[in-house]
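Below is one structure, written out as structure tokens, with a few remarks after it.
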Amino acid sequence: MESEKYFNMAAIRLPQEKKAGMDLKFNELFELFCLLDGFETGGAEPLVSVLQTGRALRADEAVKNFTREELLGCMTDSDGGYIAAPKTLG
Amino acid sequence: MDALKFCTDKLIMVKGMPVCPGVAITEGFVSPYTAAAVCLMTEAGHEYAGQTLDPCGSVLSGECGAALCCDVRGIIRNEADKKGLVYLQPSYGTVSRRGLVAQMASADQTGVAAKDAQTAFGVLKIISTRDDGDGCMAPLAEAESQSEINIFEAEIPFEKFLPAVFEILYCAETAGNVSRFDGLKFGSRANNTAGLNDLYARSRGELLCEEWQLASAAGALVLSKDFFDRFYRKAMCVRRLFFDAVDEMFAANKNAVLRLPAAYKNAHTVTALAGVPSLFLPGGIRLAAPRYKDEWLLKASKKF
């Protein structure tokens, strides 16, 4: 299994020196996943949550828990009221 | 329970403290709020001692009386086992997950490492307070009157397949949850990047921890159109069969907890996939109880 495609899908570009080791681990995981190929589920329904309370969702409620200043204070760097980041467009 | 000092592992957030210390991509980012379980402990009069990368060591040394941990992969409970400590993993939905760094959201749950079961359950009593800030809290358990709890041993249903099911679901859910660590919004990023995609890919390639890198890539695989049905959907179906089989096993053994084999390396998969509580005791004793019957584990532990 070519792992690079899936690291790319996950937006991860590994340094060259880590690629071989991670490819090996990825393929070990893939082999483990393949164990399920021999399992017949007999039409069982997927289990999404172990909570048996239905899937009640909370109603959306806008709550302002933090001020902008508080949140920016958690960042490594901010500038003029925004998160400071490098130039991201050409 | 007397007042004690307690610490937390790296996945539990505390206001003003680093998020995931030791993970390069979050370096420099501090939490804007404190996890619900930590708030409940301090409100009950217990002293917060801080974050640690070695919660079991802190308890073993006596520096702390208990450690709150999020141990979905079983690493901390195995460490507790080696150090002769107790580790209590409560039923899923018993303790608020608000303030945990999410990995496998369908199994993430705060557990307790302590020197004895009485202390671990004393802590659980405090932190298992209902919290509307977590939409996945279980209904309140009914008052327990059962006094005599038995112990049984049994084969674990679908044992051979549980590691695969666990890893597929862990990777799928973790991939989604750690996708937020993109080099922009939290902590650190790669230097000298050329454009947005380069920033994402190099930051995640250079700074995300290896475990999360692997989970993200394997999660991308199991959620891709080529493998979704073969792996992800099937894992959820096997989880359903396992969940039902565990319930049947406990139903057939009334008022009893299951003793897992000491040599069984994948005890964490049982609790994670079925949402049942478990208790690791010194000497390789591993007990699991029916969902929301956490107290049975304390009663059973007195037999050892």
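Computed from a predicted structure; not experimentally measured. These values consider heavy atoms only, across backbone and side chains, with no hydrogens, waters or symmetry-generated copies. Below, chains carry the letters A, B, ... as their sequence lines are ordered, and counting in each starts from 1.
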> Measuring heavy-atom distances to chain B, does Leu36(A) have an atom under 4.5 Å in its side chain, in its backbone, in both, or in neither?
Replying inline: both
>> Using ring pair (Phe, Tyr, Trp, His ring centres under 6.0 Å), reason through Phe227(B) and Phe33(A) one step at a time and then give a plain yes or no.
In response: CA-CA 10 Å; Phe227(B) 292 99; Phe33(A) 297 169; 9.1 Å; no
>> At a 4.5 Å cut-off on heavy atoms, which part of Asp37(A) comes close to chain B: side chain, backbone, both, or neither?
In response: both
> For Leu32(A), is it the side chain, the backbone, both or neither that has a heavy atom under 4.5 Å from a heavy atom of chain B?
Replying inline: both
> What option among Arg189(B), Met137(B), Arg291(B), Arg202(B) has the most heavy-atom pairs under 4.5 Å with chain A?
Replying inline: Arg189(B)
> Can you list the steps and then say if Phe26(A) with Glu4(A) is a side-chain contact (heavy atoms from CB on, under 4.5 Å)?
Replying inline: CA-CA 10 Å; Phe26(A) 182 89; Glu4(A) 191 165 358; over 6 Å; no
> At their closest point, which heavy atom of Ser31(B) faces which heavy atom of Val14(B), and how far apart are they?
Replying inline: CB-O, 3.4 Å
>> Between Arg230(B), Lys15(B), Arg204(B), Lys185(B), who has the most heavy-atom pairs with chain A when the cutoff is under 4.5 Å?
In response: Arg204(B)
>> Counting heavy-atom pairs closer than 4.5 Å to chain A, which one of Ala194(B), Cys237(B), Ala274(B), Gly275(B) comes out on top?
In response: Cys237(B)
> Is it the side chain or the backbone of Phe66(A) that comes within 4.5 Å of chain B heavy atoms, both, or neither?
Replying inline: side chain
> Which bit of Val276(B) comes within less than 4.5 Å of chain A, counting heavy atoms only: side chain, backbone, both or neither?
Replying inline: neither
>> Tell me which of these, Glu167(B), Lys160(B), Glu27(B), has more heavy-atom pairs under 4.5 Å with chain A than the rest.
In response: Glu167(B)
>> Do the side chains of Arg13(A) and Asp198(B) get close enough for a salt bridge, i.e. N-O under 4.0 angstrom?
In response: yes
> Is the closest basic N to carboxylate O distance between Asp108(B) and Arg97(B) below 4.0 Å?
Replying inline: no
> Tell me, side chain or backbone of Leu35(A) under 4.5 Å from chain B's heavy atoms, or both, or neither?
Replying inline: both
